[in-house]
Visitor: 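Take this structure first; my questions come after.
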6 protein chains.
Amino acid sequence: PEDILKLLGSEIFDKDLYESNETAGVVTGLAWTPVGGDILFIETLLTKGKGGLTLSGQLGDVMKESAMAALSYLRAHSDDYGIDYRIFDNYNIHIHVPAGAVPKDGPSAGVTMTTSIASALTQRQVKNKLAMTGEITLRGKVLPVGGIKEKILAAKRAGIREIILCNKNKKDIDEITPSYISDLKFHYVDMVDEVLEIALLKEKVRKPVKFVFPEDTKEVALN
Amino acid sequence: PEDILKLLGSEIFDKDLYESNETAGVVTGLAWTPVGGDILFIETLLTKGKGGLTLSGQLGDVMKESAMAALSYLRAHSDDYGIDYRIFDNYNIHIHVPAGAVPKDGPSAGVTMTTSIASALTQRQVKNKLAMTGEITLRGKVLPVGGIKEKILAAKRAGIREIILCNKNKKDIDEITPSYISDLKFHYVDMVDEVLEIALLKEKVRKPVKFVFPEDTKEVALN
Amino acid sequence: PEDILKLLGSEIFDKDLYESNETAGVVTGLAWTPVGGDILFIETLLTKGKGGLTLSGQLGDVMKESAMAALSYLRAHSDDYGIDYRIFDNYNIHIHVPAGAVPKDGPSAGVTMTTSIASALTQRQVKNKLAMTGEITLRGKVLPVGGIKEKILAAKRAGIREIILCNKNKKDIDEITPSYISDLKFHYVDMVDEVLEIALLKEKVRKPVKFVFPEDTKEVALN
Amino acid sequence: PEDILKLLGSEIFDKDLYESNETAGVVTGLAWTPVGGDILFIETLLTKGKGGLTLSGQLGDVMKESAMAALSYLRAHSDDYGIDYRIFDNYNIHIHVPAGAVPKDGPSAGVTMTTSIASALTQRQVKNKLAMTGEITLRGKVLPVGGIKEKILAAKRAGIREIILCNKNKKDIDEITPSYISDLKFHYVDMVDEVLEIALLKEKVRKPVKFVFPEDTKEVALN
Amino acid sequence: PEDILKLLGSEIFDKDLYESNETAGVVTGLAWTPVGGDILFIETLLTKGKGGLTLSGQLGDVMKESAMAALSYLRAHSDDYGIDYRIFDNYNIHIHVPAGAVPKDGPSAGVTMTTSIASALTQRQVKNKLAMTGEITLRGKVLPVGGIKEKILAAKRAGIREIILCNKNKKDIDEITPSYISDLKFHYVDMVDEVLEIALLKEKVRKPVKFVFPEDTKEVALN
Amino acid sequence: PEDILKLLGSEIFDKDLYESNETAGVVTGLAWTPVGGDILFIETLLTKGKGGLTLSGQLGDVMKESAMAALSYLRAHSDDYGIDYRIFDNYNIHIHVPAGAVPKDGPSAGVTMTTSIASALTQRQVKNKLAMTGEITLRGKVLPVGGIKEKILAAKRAGIREIILCNKNKKDIDEITPSYISDLKFHYVDMVDEVLEIALLKEKVRKPVKFVFPEDTKEVALN
Ligand SMILES: [Ca+2]
Ligand SMILES: [Ca+2]
Ligand SMILES: [Ca+2]
Ligand SMILES: [Ca+2]
Ligand SMILES: [Ca+2]
Ligand SMILES: [Ca+2]
Ligand SMILES: [Ca+2]
Ligand SMILES: [Ca+2]
Ligand SMILES: [Ca+2]
Ligand SMILES: [Ca+2]
Ligand SMILES: [Ca+2]
Ligand SMILES: [Ca+2]
């Protein structure tokens with residue numbers, strides 16, 4: 001029995017703190033848990049490949065579908081964001097949500113995933129000390145989500161300064177004592193393009209990936 | 001335990017309201033729930049690809065088969081609707097039904113899905129303030145469905161003005177107090193081509209997608 | 001909880017009635033249920049593709065295998081029925097059995113599926129007011145099935161005039177009061193080619209599909 | 001509830017009788033059941049394709065692996081049996097075991113499956129009134145199986161005249177009253193090539209399939 | 001109910017006896033069972049194909065992974081054993097462990113599987129009256145396994161004369177009465193290359209397979 | 001019943017000892033078990049192929065995702081480590097964790113897997129008597145893990161001299177009596193590139209694999 005390895009096990013984490021980040025594709029989301037809110041990070045990494053999508057971090061069905069919707073939205077609107085369409089055929093997309101052993105589910109990371117993928121595809125910096133929560137639909141609508149109060153407290157605790165929410169979640173903020181959140185700036189949005197407008201800076205990250213493509217795909221791209 | 005993230009959770013939605021929509025591929029359906037009817041939206045989005053089909057929104061087996069039947073019907077009758085057949089080989093089709101965390105099943109969204117896919121493929125506008133419910137079969141028949149009374153009340157509440165139903169559901173409407181539904185216009189149909197005739201306007205949406213194809217597929221299309 | 005959509009639900013159907021049908025690939029079968037027999041429709045639709053097979057209508061394992069056997073039989077004997085073999089590589093076959101939410105299983109739709117697929121592949125009309133029931137084997141034998149009495153009553157009720165059965169089911173018919181079924185014509189068969197001989201008319205349907213193939217496959221077909 | 005179709009259901013079969021058979025790929029096996037032995041038929045059908053393998057008839061895991069072993073054995077020894085190797089790449093193999101709704105499992109159909117596939121691949125006739133039972137291994141050994149006594153009685157009842165068994169099952173035959181089986185001829189074997197020697201006649205079936213291949217594969221076959 | 005075929009069932013086997021074997025790819029392993037040890041045979045067969053791997057004989061997860069590790073080891077070290085690397089791309093590998101209906105699991109057949117695959121790939125004879133047991137790792141280490149005493153008794157009973165074990169299992173042999181095993185020769189190893197050195201003779205089997213490759217792969221192999 | 005083979009079973013292992021290792025791709029990790037810590041080995045082996053990934057050793061979901069994250073990280077940063085990108089398309093990667101029958105799960109082998117894969121890809125030696133434990137994220141962060149005290153004791157017992165840990169695990173080391181661990185050298189890191197800096201020596205292993213590629217891929221690599 002001494003050979004039954006549980007590499008999983010007693011890992012204990014600190015409450016997460018926001019960390020400024022120089023890497024493309026890393027965005028801060030907000031999560032609700034039975035013992036309070038927490039922040040989480042969505043990480044998107046592109047590797048040369050043939051258009052595969054990998055999701056990791058023990059994501060449930062709803063969260064996986066959320067990632068697929070985020071990706072479809074950005075594929076359909078790549079021209080609007082200056083994304084070279086050839087990336088989708090010549091790179092793989094890996095989306096990971098640490099911590100890797102913690103099961104996660106739900107639709108409320110939709111805006112965070114869209115921003116994370118968009119940052120990886122454009123190599124644009126994500127705004128500092130910004131967090132967000134909201135479901136997305138395929139046409140780009142942002143839907144309201146639950147657990148707002150707990151999420152806001154966790155964001156504050158983690159050092160977040162700006163938060164993006166669905167317009168329909170404004171009423172949840174209105175119920176929080178104003179003085180408590182006076183140092184937070186709220187952005188209320190209806191559509192996911194507003195999210196990207198706020199979250200993605202014009203500047204690229206310090207060492208942006210230079211995407212390369214096989215010669216013969218250039219021609220197709222001109223169509 | 002404070003690390004067990006439930007991103008799902010206490011999300012609470014308002015009763016849905018119909019919203020006018022400028023995007024191709026978004027159609028309003030009607031659903032029955034144990035506490036009354038509700039409206040729902042079917043969203044279809046096309047992205048460059050190789051003919052893949054993605055279904056999201058926690059759809060059950062029957063609803064997925066319904067989407068597949070809708071798609072086969074439109075593929076088989078693409079000439080009748082002016083759909084360029086090359087789209088099926090050069091684009092992926094993603095069908096999503098918000099809200100993403102709510103499990104959904106049943107065959108009654110068949111007409112709605114057919115209309116949603118047809119609008120995306122033709123980029124034609126969907127008629128305003130219109131909702132519909134009905135099962136489809138592969139030969140294009142529209143079959144009656146249940147929960148009509150609750151669905152009609154939900155449609156009224158949401159601001160819907162016209163409703164498409166199977167001819168065999170007319171008897172369910174005849175049981176509703178006429179004065180209550182006097183501001184609703186009903187369309188009774190037998191076949192799905194009648195649905196598309198009513199639901200799809202001649203005008204394209206404001207910013208229609210321009211479908212592009214690799215040069216060498218043109219030749220095949222001439223066959 | 002008001003957001004838990006059950007699009008499935010209280011759908012209630014009338015007893016089915018036979019409907020004359022101008023579409024290729026639609027054939028009437030007979031089913032046994034705990035509360036009596038019923039008729040059902042098998043629909044086969046061909047769409048341009050690469051030889052895929054889609055089965056829908058909540059079919060169980062046995063019924064899916066039945067469809068696969070029907071298809072293999074027709075592929076192996078395509079020359080006997082004037083079927084252009086290139087269809088199998090250049091079209092997808094979708095077989096659907098309404099109503100879409102009703103689970104169905106069993107081998108007794110074997111002859112009906114074979115006839116449905118054959119009609120779609122040849123675009124020949126299916127005989128009017130004809131129903132059938134019987135298992136098939138890969139070598140084309142027709143095997144007897146159960147529930148004959150209930151199935152015959154359902155056929156009569158639905159307006160059917162001719163019925164195809166396995167020779168070994170003749171003894172089940174002999175047990176029914178003759179006067180009751182005097183307006184029905186029975187065809188007893190041993191092999192599935194007899195079924196197709198009876199069920200498929202020489203005339204094509206009104207608007208037959210014109211199958212098209214890529215130029216370069218013609219050569220292969222000449223081998 | 002009247003719409004819950006059970007197409008499966010009360011089907012009742014007679015005890016099977018051996019039927020002489022003019023089709024390649026149909027071989028008679030022997031099965032043990034809790035209420036006595038039974039004969040069964042293995043049917044193999046080849047259709048133009050790309051080397052796919054389809055198994056139907058509600059076969060369990062062990063029986064599927066048995067079919068795979070039979071196929072691998074014949075692929076590896078195709079030269080010994082005059083099988084054109086190009087068939088494996090240019091045809092699909094479908095193996096079906098009627099009756100389609102009856103679950104079946106176990107390794108004892110190994111010799112029967114090998115003979116059925118070999119007959120389909122060579123289009124040689126299978127000997128008349130012959131049945132067999134025995135497990136095979138990948139190197140071509142025939143292993144003994146159980147239920148011999150019940151299987152022999154079923155074979156006799158069905159009109160079988162010759163039976164192939166593993167040498168190690170001879171002791172089971174020695175326990176049966178000799179007079180009872182005096183009209184049966186037994187073949188005891190150690191290897192599956194002995195089975196094929198006995199079971200496959202030199203003559204081809206009446207209307208043998210003429211295998212056709214794409215022109216360009218001939219060259220590869222010459223290597 | 002007489003139609004419920006259990007082809008599985010009362011099969012009873014004798015205790016296995018070692019049989020000398022002229023076929024490449026057949027190697028004798030040792031297994032532990034609750035009622036004593038047993039010998040088993042691993043059979044590897046190569047068929048023309050595209051590099052597929054088939055495992056049969058009701059193997060459990062651990063045993064399947066064991067086969068995959070054995071195969072990867074031999075692919076990575078093919079030069080050391082004179083294996084033509086093109087075999088891996090132009091042949092399928094089928095590994096079967098009779099008896100086909102007996103579920104088997106565990107890592108202790110690692111060395112046996114490696115030897116079986118290596119014999120099939122090189123067509124070299126496997127040493128006579130030799131059995132072996134031991135787990136392998138990907139770097140070629142041989143790990144000790146349990147049930148040694150029962151396995152040795154089974155090997156003796158079956159007529160085995162030489163046994164390969166992990167060095168770390170020597171202590172298990174030291175606990176057996178020496179006179180009892182005086183007619184057995186033990187080989188203790190640390191690495192799997194020692195196993196192959198002992199088990200594979202320089203001579204090829206009597207009728208070795210002649211591997212053939214498409215012309216155009218020769219060039220690639222020269223790189 | 002004597003035929004129910006449990007090849008799995010009573011295998012008993014010694015406590016593992018560190019063994020110096022001349023093979024690329026073998027790295028020592030640390031595991032927590034209910035009865036104390038243990039060391040484990042991660043083995044990565046490359047074989048010619050088409051970019052497949054095989055994971056074995058009864059790894060759970062979280063550990064498999066950990067391997068996928070490690071691989072994506074190295075693919076995205078291959079230039080930084082002098083890894084020829086063509087390896088990913090022309091070789092398969094097999095990662096195995098002995099012992100093969102012991103189920104393992106958890107994210108704490110992330111750094112070990114990254115180092116193992118990196119060593120296999122670069123053929124650089126792994127530092128002697130070094131062990132490590134830590135989760136990784138896709139952006140290359142090293143996260144703290146649990147069971148540190150037990151893991152350190154196991155490492156000491158096994159003869160390990162240097163250990164790599166996450167900076168945030170330093171507090172766990174500070175709680176161990178200093179004299180007990182005075183012969184161990186600790187490396188605290190924040191990012192996985194620090195891990196590789198420490199663990200991979202400049203020297204290649206004694207017999208490094210020479211990677212070969214098809215001629216025609218060179219051109220693509222120049223882009
Ligand atoms: Ca946390
Ligand atoms: Ca789920
Ligand atoms: Ca709603
Ligand atoms: Ca279901
Ligand atoms: Ca009905
Ligand atoms: Ca079933
Ligand atoms: Ca029977
Ligand atoms: Ca099973
Ligand atoms: Ca045995
Ligand atoms: Ca298992
Ligand atoms: Ca250990
Ligand atoms: Ca799991």
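So you know, we letter chains A, B, ... as the sequences are listed, proteins then strands, and number each from 1.
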Visitor: Which one wins on heavy-atom pair count under 4.5 Å against chain B: A:Lys64, A:Arg139, A:Met68?
Guide: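 With the most close heavy-atom pairs to chain B, the winner is A:Arg139.
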Visitor: For A:Lys129, does the NZ atom sit with more than 12 other heavy atoms under 6.0 Å from it, leaving out its own atoms?
Guide: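 Atom NZ in A:Lys129 is not packed in, count stays at 12 or less.
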Visitor: Kindly indicate whether the side chain of B:Thr54, heavy atoms from C-beta on, has any atom under 4.5 Å from the side chain of A:Ser72.
Guide: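 Of all side-chain heavy-atom pairs linking A:Ser72 with B:Thr54, none is under 4.5 Å.
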Visitor: Can you say whether A:Phe88 sits under 4.5 Å from chain B via the side chain, the backbone, both, or neither, judging by heavy atoms?
Guide: neither
Visitor: Ignoring hydrogens and angles, tell me if any N or O in the side chain of B:Glu43 forms a donor-acceptor pair with the backbone of A:Thr137 under 3.5 Å.
Guide: no
Visitor: Nearest heavy-atom pair of B:Pro98 and A:Leu143: which atoms, and what distance?
Guide: CB-CD1, 4.1 Å
Visitor: Within a reach of under 6.0 Å around NZ of A:Lys149, are more than 12 heavy atoms found that belong to other residues, nucleotides or ligands?
Guide: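 No - once you tally the heavy atoms of other residues, nucleotides and ligands closer than 6.0 Å, there are 12 at most.
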Visitor: Can you name the nearest heavy-atom pair linking B:Gln58 to A:Asp61, along with the distance?
Guide: NE2-CB, 3.5 Å
Visitor: Name the region of A:Ser66, side chain, backbone, both or neither, that has any atom closer than 4.5 Å to a heavy atom of chain B.
Guide: neither
Visitor: Heavy-atom pairs under 4.5 Å with chain A are the metric here; pick the option from B:His94, B:Glu19, B:Lys50 that has the most.
Guide: B:His94
Visitor: Could you work out, with side chain to side chain contact (heavy atoms under 4.5 Å, CB included) as the rule, every residue matching A:Thr115, not counting sequence neighbours?
Guide: A:Val27, A:Met132, A:Val195, A:Leu196, A:Ala199, A:Leu200
Visitor: Which heavy atom of A:Tyr85 sits nearest a heavy atom of B:Thr47, and at what distance?
Guide: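 Shortest heavy-atom separation between A:Tyr85 and B:Thr47 comes out as OH-C, 4.1 Å.
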